[in-house]
Amino acid sequence: MTTPNPLYDDLQWRGLIYQSTDEQIPHILNTPRTVYVGFDPTADSLHIGSLLGLQVLRRFQQAGHRPVALVGGATGMIGDPSGKSDERQLLSVDRLRENVVGIERQMRQFLDFDEGPCQAVLVNNFDWMRRFSFLDFLRDIGKNFPVNVMMSKESVKNRISRDGGGISYTEFSYMLLQAYDFVHLQQEFDCSMQLGGSDQWGNITAGIDLARRLHGVQLYGLTWPLLLKSDGTKHGKTEGGSVWLSAERTSPYKFYQYWINVDDSDTANCLKFLTELDREEIQDLEKQVAESPERNIGQRRLAEELTRIVHGDAGVKLAQKATEIMFGGEIGDLSDATLLDIFSQLPSHQIDAQKLNDGLSLVEAFVLAGIAKSKGEARRAVEQGGAYVNNRRVQDVNYELTQNDLASESVVVLRRGKKSYGLLRIS
RNA sequence: GGGGGGUUUCCCGAGCGGUCAAAGGGGUCAGACUGUAAAUCUGAUGGCAGCGCCUUCGCAGGUUCGAAUCCUGCACCCCCCA
């Protein structure tokens with residue numbers, strides 16, 4: 001009979017428990033623990049894929065455990081073969097250092113680093129790995145890894161059986177590094193549990209084995225299922241590339257929009273996995289999505305919650321206001337400041353006031369504003385009814401912009417199709 | 001070492017001397033329908049000027065009034081026999 005644990009129950013209800021190394025884990029979580037999740041520093045910003053890990057850590061912290069966020073500065077140099085089909089591109093040391101700095105900053109939005117018993121800790125495994133000599137590592141760590149066991153891990157097996165690239169010795173060794181991370185964190189911070197996506201299972205258990213052999217310590221691991229969309233693809237990829245957490249790479253508006261556009265069938269899952277809304281509220285939203293999906297209530301709430309966590313209240317406000325304007329009617333009677341604020345992430349182009357007076361063709365304006373690659377493309381858009389000035393459709397190919405087309409003191413808002421906007425600033 | 005096949009527009013893939021800016025499919029973009037959805041349907045899809053010009057069919061030359069289509073050389077890829 002295990003002692004029920006509120007955190008574990010909640011995780012279970014949310015569907016976040018995929019595999020567990022020990023059935024005693026709910027019981028174990030009844031005393032404060034130090035737990036860790038690893039993050040890849042493949043870019044100077046985290047993207048949506050990392051949200052889940054951050055939120056899980058946050059849940060643990062709020063339940064009274066101490067979260068350790070490990071940035072893989074060292075392991076990032078090697079490349080985790082798990083879930084990858086090809087050998088990974090190695091990052092330069094400098095590149096990695098920059099990435100780690102950027103990621104650290106973002107972590108602070110999720111975890112509480114203020115002093116206290118649950119104070120979050122941020123570590124970079126490069127800090128301890130760099131001091132390890134190759135010989136020491138082989139003697140102290142490598143010795144404890146039977147190759148036949150390593151070979152039987154899914155991540156390795158998948159790569160070895162492939163006729164193509166196979167796996168390099170470097171990536172093959174990846175799991176030793178991650179295993180040692182776990183052991184190190186146990187020694188340093190008394191960290192006793194590692195959390196990760198289901199693709200991390202092999203790496204987590206490798207760490208547990210190593211700790212037992214090396215120090216006779218019992219460690220634990222939990223994995224969550226990979227958050228996939230109902231069509232089986234990963235979250236966070238759009239036509240424009242990944243959805244990032246940094247406002248510079250993905251504007252709050254775009255971030256918000258990503259979640260607004262989540263499929264009905266994926267909404268409940270996202271709410272459970274990623275938000276901190278409670279059970280009643282999520283069930284209520286689920287019901288509303290089922291009853292009147294056209295109202296997008298679940299998506300709206302999801303977008304709002306996540307945008308708030310990542311970009312704050314100001315970000316939410318900006319995103320919602322932008323949404324209102326972008327998907328509303330005609331644009332007019334607005335101030336420059338409002339428009340520029342909302343459309344700050346959009347391509348824009350300065351033009352001379354004189355040019356507007358001389359007559360600027362709509363087609364040319366589309367090219368200038370960067371929403372059409374060529375005049376031919378712009379012309380097509382107009383002919384097909386996909387061109388808008390201040391959200392008002394214009395179908396005349398020979399249309400010329402004038403002062404009357406200003407939406408505010410000095411801005412004209414051009415739009416192509418449903419969602420692609422560009423600005424023209426008159427000066 | 002010998003023999004054969006290939007390299008086409010974003011991708012796949014037809015074309016085999018003029019009617020080819022190049023079939024078809026995918027993708028992408030736009031429109032209709034919708035819920036800023038899915039599915040579906042329609043249109044567009046080298047550039048510039050509007051029925052004309054310019055740049056494209058691995059690379060470089062050549063034969064022709066005219067080549068993606070023929071010839072020569074080069075590069076890369078694949079297959080078969082040793």
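Proteins come first, then strands; the chains are lettered A, B, ... in the order of their sequence lines, and each starts at number 1.
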> Pick one: which of A/Arg249, A/Gln106, A/Arg105 meets side-chain hydrogen bond (donor to acceptor under 3.5 Å, both in side chains) with A/Asp44?
Replying inline: A/Arg249
> Is there a Watson-Crick or G-U wobble partner for B/U55 with both distances under 3.5 Å, and if so, which one is it?
Replying inline: none
> When rounded to the nearest Å, what value does the distance between P atoms of B/C16 and B/C71 take?
Replying inline: 15 Å
> Can you tell me how far C1' in B/C12 sits from the matching atom in B/G6, rounded to whole Å?
Replying inline: 15 Å
> Just to confirm, is there a sub-4.0 Å distance from OP1 or OP2 of B/C48 to any side-chain nitrogen or oxygen of A/Ser374?
Replying inline: yes
> Counting distance only, does the side-chain N/O of A/Arg415 pair as donor-acceptor with the main-chain N or O of A/Gly417 below 3.5 Å?
Replying inline: yes
>> For A/Gly417 and A/Ile260, find the nucleotide of RNA chain B closest to each by heavy atoms; which residue's nucleotide sits nearer the 5' end?
In response: A/Gly417
> In whole angstrom, what separates A/Gln288's CD from B/G35's C1'?
Replying inline: 15 Å
> Does A/Arg308 come within less than 4.0 Å of A/Glu304, counting only side-chain N to carboxylate O?
Replying inline: yes
>> When you measure from the side chain of A/Asn99 to the backbone of A/Pro41, do you find a donor-acceptor pair of N or O atoms at a distance under 3.5 Å?
In response: yes
> Salt bridge check: are A/Arg59 and A/Glu276 linked by an N-O gap of less than 4.0 Å?
Replying inline: no
> Which of residues 301-320 of chain A sit near RNA chain B, with a heavy atom under 4.0 Å from it?
Replying inline: none
> What is the ring orientation for A/His47 with A/Trp244, classed by angle as parallel under 30°, tilted 30 to 60°, or perpendicular over 60°?
Replying inline: perpendicular
>> Using atom P in both nucleotides, what's the gap between B/U56 and B/A68 to the nearest angstrom?
In response: 9 Å
>> Could you tell me how far apart A/Trp259 (CH2) and B/G35 (P) are, to the nearest whole angstrom?
In response: 24 Å
> Tell me: NZ of A/Lys321 to C1' of B/U36, nearest whole Å?
Replying inline: 20 Å
> Across all strands shown, which nucleotide pairs with B/C10 by Watson-Crick or G-U wobble geometry, both distances under 3.5 Å?
Replying inline: B/G26
> What's the CD-P distance between A/Glu364 and B/G50, to the nearest Å?
Replying inline: 13 Å
>> Rounded to whole Å, please give me the gap between OH in A/Tyr256 and P in B/U36.
In response: 13 Å
> Can you check whether A/Tyr388 has a side-chain N or O nearer than 4.0 Å to OP1 or OP2 of B/G31?
Replying inline: yes
> Does the A/Asp10 side chain pair with the main chain of A/Pro6, one donor and one acceptor, at a distance under 3.5 Å?
Replying inline: no
> Just by distance, with hydrogens left out, do A/Asn203 and A/Gln200 show a side-chain donor and acceptor under 3.5 Å apart?
Replying inline: yes
> Does B/C70 have a Watson-Crick or wobble mate here (both distances under 3.5 Å), and if so which one?
Replying inline: B/G62
>> Any N or O donor-acceptor pair under 3.5 Å from the base of B/U36 to the side chain of A/Gln257?
In response: yes
>> Let's see if you can work this out: which of B/G31, B/G35, B/G50 has an atom nearest to the side-chain heavy atoms of A/Arg379?
In response: B/G50
> Are the side chain of A/Arg14 and the backbone of A/Lys272 linked by a donor-acceptor contact shorter than 3.5 Å?
Replying inline: yes
>> Checking base pairs now: Watson-Crick or wobble, both atom distances under 3.5 Å. What partners B/G31?
In response: B/C41
>> Restricting to non-hydrogen atoms, name the atom on A/Cys270 and the atom on A/Trp259 that form the minimum distance, rounded to 0.1 Å.
In response: SG-CZ3, 4.0 Å
>> Under 3.5 Å for both donor-acceptor distances, Watson-Crick or wobble: does B/G1 have a partner, and if so which one?
In response: B/C81
> Whole-Å distance between B/A39 C1' and A/Asp264 CG?
Replying inline: 13 Å
>> How many whole angstroms separate atom CZ of A/Phe327 from atom C1' of B/U36?
In response: 4 Å
> Hey, is the main chain of A/Leu51 close enough, under 3.5 Å, to the side chain of A/Gln55 for a donor-acceptor pair?
Replying inline: no
> According to a strict under-4.0 Å criterion, is A/Lys418 in side-chain N/O contact with OP1 or OP2 of B/A30?
Replying inline: no
Tabulate protein N/O versus nucleotide N/O from nucleotides 55-57 of chain B, keeping only pairs under 3.5 Å, one per line.
none

> Short question: side chain of A/Asn390, backbone of A/Asp405 - any donor-acceptor pair under 3.5 Å?
Replying inline: yes
> Given the C1' atoms of B/A14 and B/A22, what is the spacing between them in whole Å?
Replying inline: 10 Å
>> Considering every strand and a 4.0 Å limit on heavy-atom distances, what is the contact class for A/Arg393: base, sugar-phosphate, or nothing?
In response: sugar-phosphate
> Expressed as a whole number of Å, how far does the P atom of B/G62 sit from that of B/G31?
Replying inline: 49 Å
> So what does A/Arg295 touch, heavy atoms closer than 4.0 Å: a base, only the sugar-phosphate, or nothing?
Replying inline: nothing
> Which value, in whole Å, describes the distance between the C1' atoms of nucleotides B/U69 and B/U19?
Replying inline: 15 Å
>> Closest-nucleotide mapping onto RNA chain B: is A/Glu377 or A/Thr323 further toward the 5' terminus? I mean the 5' end.
In response: A/Thr323
Close N/O contacts between protein and nucleotides 42-44 of chain B (under 3.5 Å):
| residue | atom | partner | partner atom | Å |
| --- | --- | --- | --- | --- |
| B/G43 | N2 | A/Gln384 | OE1 | 3.3 |
| B/G43 | N2 | A/Gln384 | NE2 | 3.3 |
| B/G43 | N3 | A/Gln384 | OE1 | 3.2 |
| B/A44 | O4' | A/Gln384 | OE1 | 3.0 |
| B/A44 | O2' | A/Arg380 | NE | 3.1 |

> What do you reckon, are the aromatic ring centroids of A/Phe132 and A/Tyr180 less than 6.0 Å apart?
Replying inline: yes
> Can you tell me how far C1' in B/A67 sits from the matching atom in B/U72, rounded to whole Å?
Replying inline: 15 Å
> Is A/Arg425 salt-bridged to A/Asp336, going by a charged N under 4.0 Å from an acidic O?
Replying inline: no
>> If only side-chain N and O atoms count, and only distance matters, is there a donor-acceptor pair under 3.5 Å linking A/Asp114 with A/Gln119?
In response: no
> Where the side chain of A/Gln299 is defined as all heavy atoms beyond and including C-beta, which of B/G31, B/G35, B/A37 is the nearest nucleotide?
Replying inline: B/G35
>> Without decimals, in angstroms, what is the distance between A/Leu362 CG and B/A30 C1'?
In response: 15 Å
>> Does a side-chain N or O of A/Lys419 approach OP1 or OP2 of B/A30 to a distance below 4.0 Å, or not?
In response: no
> With rounding to whole Å, what would you report as the distance between B/C81 and B/G27 at their P atoms?
Replying inline: 39 Å
